[in-house]
**Q** 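Have a look at this one.
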Amino acid sequence: MDFLRPASWEEALAAKAEHPTAVPIAGGTDVMVEINFDHRRPEYLLDLNRVTDLTEWEVGQDSVRLGASVPYTRVMENLRAELPGLALASHTVASPQIRNRGGVGGNLGTASPAGDAHPALLAAGAEVEVESVRGSRLIPIDDFYTGVKRNALAPDELIRAVHIKKADGPQQYSKVGTRNAMVIAVCAFGLALHPETRTVRTGIGSAAPTPVRAKAAEEFLNAALEEGGFWDNGKIITPSVAKQFADLCAAACNPIDDVRGTASYRRHAVGIMARRTLTWTWESYRGTAARTEGVA
Amino acid sequence: MRVNFTVNGRPQEADDVWEGESLLYVLRERLGLPGSKNACEQGECGSCTVRLDGVPVCSCLVAAGQVEGRDVVTVEGLADFAKQRACGSTCGTPLDEAKQWAAKGQDSQTGEGTELSPIQQAFIDAGAVQCGFCTPGLLVAADEMLERNPNPTDADIREALSGNLCRCTGYEKIMDAVRLAAARQSEGV
Ligand SMILES: Cc1cc2nc3c(=O)[nH]c(=O)nc-3n(C[C@H](O)[C@H](O)[C@H](O)COP(=O)(O)OP(=O)(O)OC[C@H]3O[C@@H](n4cnc5c(N)ncnc54)[C@H](O)[C@@H]3O)c2cc1C
Ligand code: FES
Ligand code: FES
């Protein structure tokens, strides 16, 4: 095994171009487990810790450019207002020690259907900035996950950053597991209200071969909210609408039975989380809408 | 490969390090510092917790090569680390001393008077140590929390220690120990 230690982003790209089989290592919280247990013996490890650009973030007009290696702890501490869904999801990852090392770039690299960043990114709307010596491109998050633990990266590409839309409304993240800490999701659900475009977006974790959006549920809810004038009148969402939304979210799942849970439990739980996160976010939207319009 | 880094305030060099080796392995097997424990090698138990550039991490998940030029504090250096934090000096723990480090209480029964960090003393006083396997990781994690948050709530303590498993104590004595250390810290004892 060789240990490559590029000191800059350019050097990292050059090393990846020269050794496309090199395994990048950022926080190491996925990679080291595989090496410790001999599940993986890469020829090259490509250490990204010295590429300090990757641990920085920029808050722009409409989006946050989050460096690939920004640890979850930083997201929780610094980006709660801009990226509430991702901050909540980050807080559910593992433990403080893991959150101090692991980040969204590694989560995207692993692309596990159970990764906690994914539902939040899908719901908020995001693009993954990837680069190689050939150039840089932005991959829409909806096109990023290509299969179980597979993503759209080419062998010579590295993840530079994730561009995540700044929240323009309430966001929530919900996860089912046996305890609060150190739990890989049985299933998870992210929801974001986007009052500016009058849309709702979702993200489902651990209930299909890849993280997915519940698109039919989103379309149904967008239409129902529009028809009922809900965005303007701020009324409580009709229970039948919430139920239909939850059912469509459950239907968007394509889960399996495994040690963490059965397929039917996952479908059921996703429906419950969909209804709850919709209620929580909508209550919060109504609260702010009422305040800004001075309505009691 | 060779790895140069600072351990407990002193520069150290580890030789013949395999590229896929963890920091935990380097500390225990190459530098003779077995304080950090290896219980799972997969980030689940926290018994290998050390500070890397001040940040608590699982040393089993840090690749040895990633610590080149960086600063590591292990449980063996915790007493000195806490002392320096209190007095602001910079002396560090020599490797030889760190290797021989052993917990000796400051109570009248042992009377040896080897200095412990306040969190270590609190663990002894509260009876928070049974088999002791989880203790080094808990000490490092709890010490860092008290540095950041001198007046933690119970929820803060639980959160900060949520990555450290103990199979013996049931955690209540550990909670007592951290509360005790916090109380002593705020009283300036
Ligand atoms: C005990 C434990 C508990 C965990 N619990 C959770 C949990 O609750 N939720 C969760 O989502 N995850 C969990 N994980 C998994 C892991 O912590 C996350 O997936 C984390 O986001 C990985 O980030 P990292 O920086 O440590 O990745 P690394 O291990 O460094 O890398 C992960 C993958 O991404 C690739 N990679 C890293 N950076 C880049 C880059 N810039 N460009 C291209 N590829 C890259 C690597 O080659 C590797 O394939 C847990 C892990 C452990 C050990
Ligand atoms: S040995 Fe590192 S977390 Fe268990
Ligand atoms: S004292 Fe035995 S594991 Fe904690």
Side-chain angles (χ1 to χ4, degrees), chain A residues 1-7 19 22-52 54-55 69 71-74 76-77 91-103 106 177-184, chain B residues 1-5 17-26 36 38-70 137-138 140-142 144-145 148-149 155-165 171:
Chain A
M1 196 185 289
D2 258 339
F3 198 83
L4 308 172
R5 305 191 62 240
H19 308 288
V23 173
I25 176 166
T29 60
D30 280 318
V31 172
M32 285 305 287
V33 174
E34 292 185 315
I35 293 179
N36 288 347
F37 285 81
D38 227 344
H39 294 155
R40 202 166 187 180
R41 270 292 130 93
E43 214 183 328
Y44 298 95
L45 272 181
L46 178 62
D47 176 28
L48 297 176
N49 276 191
R50 292 210 296 169
V51 184
T52 48
L54 297 181
T55 57
S69 304
Y72 293 113
T73 306
R74 292 277 97 74
M76 289 157 54
E77 287 173 352
H91 204 160
T92 74
V93 173
S95 66
Q97 288 93 325
I98 305 284
R99 296 196 290 269
N100 285 339
R101 292 285 293 163
T178 43
R179 62 184 275 242
N180 268 339
M182 211 58 100
V183 150
I184 306 287
Chain B
M1 65 178 173
R2 172 175 291 178
V3 182
N4 288 288
F5 63 121
V17 174
W18 174 61
E19 285 70 18
E21 209 161 287
S22 69
L23 168 61
L24 176 63
Y25 191 92
V26 170
S36 311
N38 177 0
C40 74
E41 277 196 302
Q42 52 177 318
E44 296 272 353
C45 75
S47 65
C48 63
T49 303
V50 302
R51 308 258 310 246
L52 175 62
D53 292 339
V55 177
V57 303
C58 295
S59 59
C60 69
L61 299 183
V62 178
Q66 292 185 300
V67 302
E68 175 74 34
R70 297 171 76 174
L138 277 162
V140 173
E144 190 270 345
M145 180 201 59
R148 207 164 17 91
N149 178 3
D156 294 339
I157 301 174
R158 285 181 197 282
E159 163 95 27
L161 304 184
S162 59
N164 295 77
L165 293 183
Y171 302 103

**Q** Check each atom of B:Thr49 against the heavy atoms of chain A and say whether the ones under 4.5 Å are side chain, backbone, both or neither.
**A** side chain

**Q** Please look at A:Arg50 and chain B and tell me whether the side chain, the backbone, both or neither of the residue comes under 4.5 angstrom of a heavy atom of that chain.
**A** neither

**Q** I'd like to check B:Glu19 versus A:Leu45 (side-chain heavy atoms, cut-off strictly below 4.5 Å). Are they in contact?
**A** no

**Q** Under 4.5 Å heavy-atom distance to chain A, tell me which part of B:Ala160 shows up: side chain, backbone, both or neither.
**A** backbone

**Q** Could you tell me which of B:Ala64, B:Gly137, B:Gly20 has the largest number of non-hydrogen atom pairs under 4.5 Å with chain A?
**A** B:Gly20

**Q** Any idea which heavy atoms bring B:Trp18 and A:Met1 closest together, and the distance?
**A** CZ2-CE, 3.5 Å

**Q** Please identify which of these residues, B:Met1, B:Glu68, B:Glu21, meets the side-chain contact (heavy atoms from CB on, under 4.5 Å) condition with A:Phe3.
**A** B:Met1

**Q** Between B:Arg70 and chain A, with a heavy-atom cut-off of 4.5 Å, which part of the residue counts as in contact: side chain, backbone, both or neither?
**A** side chain

**Q** Looking only at non-hydrogen atoms, find the nearest pair between B:Ser162 and A:Ala181 and report the distance.
**A** CB-CB, 3.6 Å

**Q** Side-chain contact, heavy-atom cut-off 4.5 Å: A:Gln97 with B:Glu144?
**A** no

**Q** Minimum heavy-atom separation for A:Asn100 and B:Pro56, please, with both atom names.
**A** ND2-O, 2.8 Å

**Q** Looking at residues at least two apart in the chain, or sitting in another chain, which of them share a ring pair (Phe, Tyr, Trp, His ring centres under 6.0 Å) with A:His19?
**A** A:Tyr44

**Q** Of the listed residues (A:Val31, A:Asn180, A:Ile25), which shares the most heavy-atom pairs with chain B below a 4.5 Å separation?
**A** A:Ile25

**Q** Between chain A and each of B:Gly69, B:Cys60, B:Ala141, count heavy-atom pairs under 4.5 Å; write down the option with the most.
**A** B:Cys60

**Q** Among B:Leu23, B:Leu24, B:Leu61, find the residue that satisfies the side-chain contact (heavy atoms from CB on, under 4.5 Å) test when tested with A:Met32.
**A** B:Leu61

**Q** Using a cut-off of under 4.5 Å on heavy-atom pairs, state which of A:Asn49, A:Val33, A:Asp30 scores highest against chain B.
**A** A:Asn49

**Q** Can you say whether B:Leu165 sits under 4.5 Å from chain A via the side chain, the backbone, both, or neither, judging by heavy atoms?
**A** side chain

**Q** Do any N or O atoms from the side chain of A:Arg101 and from the backbone of B:Val62 form a donor-acceptor pair under 3.5 angstrom?
**A** no

**Q** Determine yes or no for a side-chain-to-main-chain donor-acceptor pair under 3.5 angstrom, with B:Gln66 supplying the side chain and A:Leu48 the backbone.
**A** no

**Q** What are the two closest non-hydrogen atoms of B:Ser22 and A:Asn36, and how far apart are they?
**A** CB-OD1, 4.4 Å

**Q** Once side-chain hydrogen bond (donor to acceptor under 3.5 Å, both in side chains) is applied, do any residues pair with A:Arg40, and if so which ones, sequence neighbours excluded?
**A** A:Glu34

